[in-house]
Amino acid sequence: MFATNATPNFSGAHVGNKTDDEFYNVDVAPDSVFRVLKRYQNLKSIGSGAQGFVCSAFDTILQQNVAIKKLSRPFQNATHAKRAYREFCIMNLVHHKNIISLLNAFTPQKTVDEFTDV
């Protein structure tokens, strides 16, 4: 999963090892449970597409609204993996007021064998 905002602000953003205590589960759609960092509160479904679900949330550390996208099974085949990688690269490189930028990326899975959602 990754969080995005319209104005890039990388203070407090990080990717790293997290413990189970730093995550919680939220039902945002009838068939989608988001397991997100506790810093993200008030999740509300925005929509879904071919790659997964998107919801809005409030980042309690940065004190701003963000969007969180859950990529479901991004590595199911080479095409899906390339799309996910391309989206991460573009969102990380582009910094423009009208384009959403990458703020944070995380996965609740602990091992590579469990790694199914971003």
> Flag the pair Phe58 / Lys44 as yes when at least one side-chain heavy-atom distance between them is below 4.5 Å, and no otherwise.
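When only atoms from C-beta onward are counted, Lys44 and Phe58 do not touch, as no gap falls below 4.5 Å.
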
> Kindly indicate whether the side chain of Asn104, heavy atoms from C-beta on, has any atom under 4.5 Å from the side chain of Val66.
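With C-beta onward as the side chain, the pair stays apart.
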
> Quick one: pull up CZ in Arg73 and CD in Gln51 and give me the separation to the nearest 0.5 Å.
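Here the interatomic distance stands at 12.5 Å.
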
> Heavy-atom distance under 4.5 Å between the side chains of Phe34 and Asn25, does that happen here?
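They are not in contact (no side-chain heavy atoms under 4.5 Å apart), so the answer is no.
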
> Identify the heavy atoms of Val54 and Ala67 that sit nearest to each other, and give their distance.
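Shortest heavy-atom contact: CG1-CB, 4.4 Å.
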
> Would you check if the side chain of Lys70 reaches a backbone N or O of Arg35 as a donor-acceptor pair within less than 3.5 Å?
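Such a contact is absent between Lys70 side chain and Arg35 backbone.
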
> What are the two closest heavy atoms between Lys69 and Leu71, and how far apart are they?
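In this case the closest contact between Lys69 and Leu71 is CE-CD2, 3.6 Å.
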
> Can you get from Tyr40 to Leu62 by hopping between Ile, Leu, Val, Met, Phe, Trp and Tyr side chains that sit under 4.5 Å apart?
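Linked, Tyr40 and Leu62 end up in one cluster.
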
> Is there a path from Tyr24 to Phe53 through hydrophobic residues (I, L, V, M, F, W, Y) whose side chains come within less than 4.5 Å of each other?
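Yes; tracing contacts between hydrophobic side chains, which count when under 4.5 Å, links both residues.
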
> What's the separation between atom CG in Leu102 and atom CD1 in Ile90, rounded to the nearest 0.5 Å?
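Those atoms lie 12.0 Å apart.
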
> Are Leu37 and Phe23 packed together at the side-chain level, in the sense that at least one heavy-atom pair is separated by less than 4.5 angstrom?
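Yes, at least one pair of side-chain atoms sits under 4.5 Å.
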
> Locate the shortest heavy-atom distance separating Gln41 from Lys38; write the atom from each residue and the value.
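Closest pair (atom of Gln41, atom of Lys38, distance): NE2-O, 2.6 Å.
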
> Minimum heavy-atom separation for Cys55 to Leu43, with atom names?
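Closest heavy-atom pair between Cys55 and Leu43: SG-CD2, 3.5 Å.
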
> Once rounded to the nearest 0.5 Å, what's the spacing between atom CG of Leu103 and atom CG of Asn92?
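These two atoms lie 11.0 Å from each other.
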
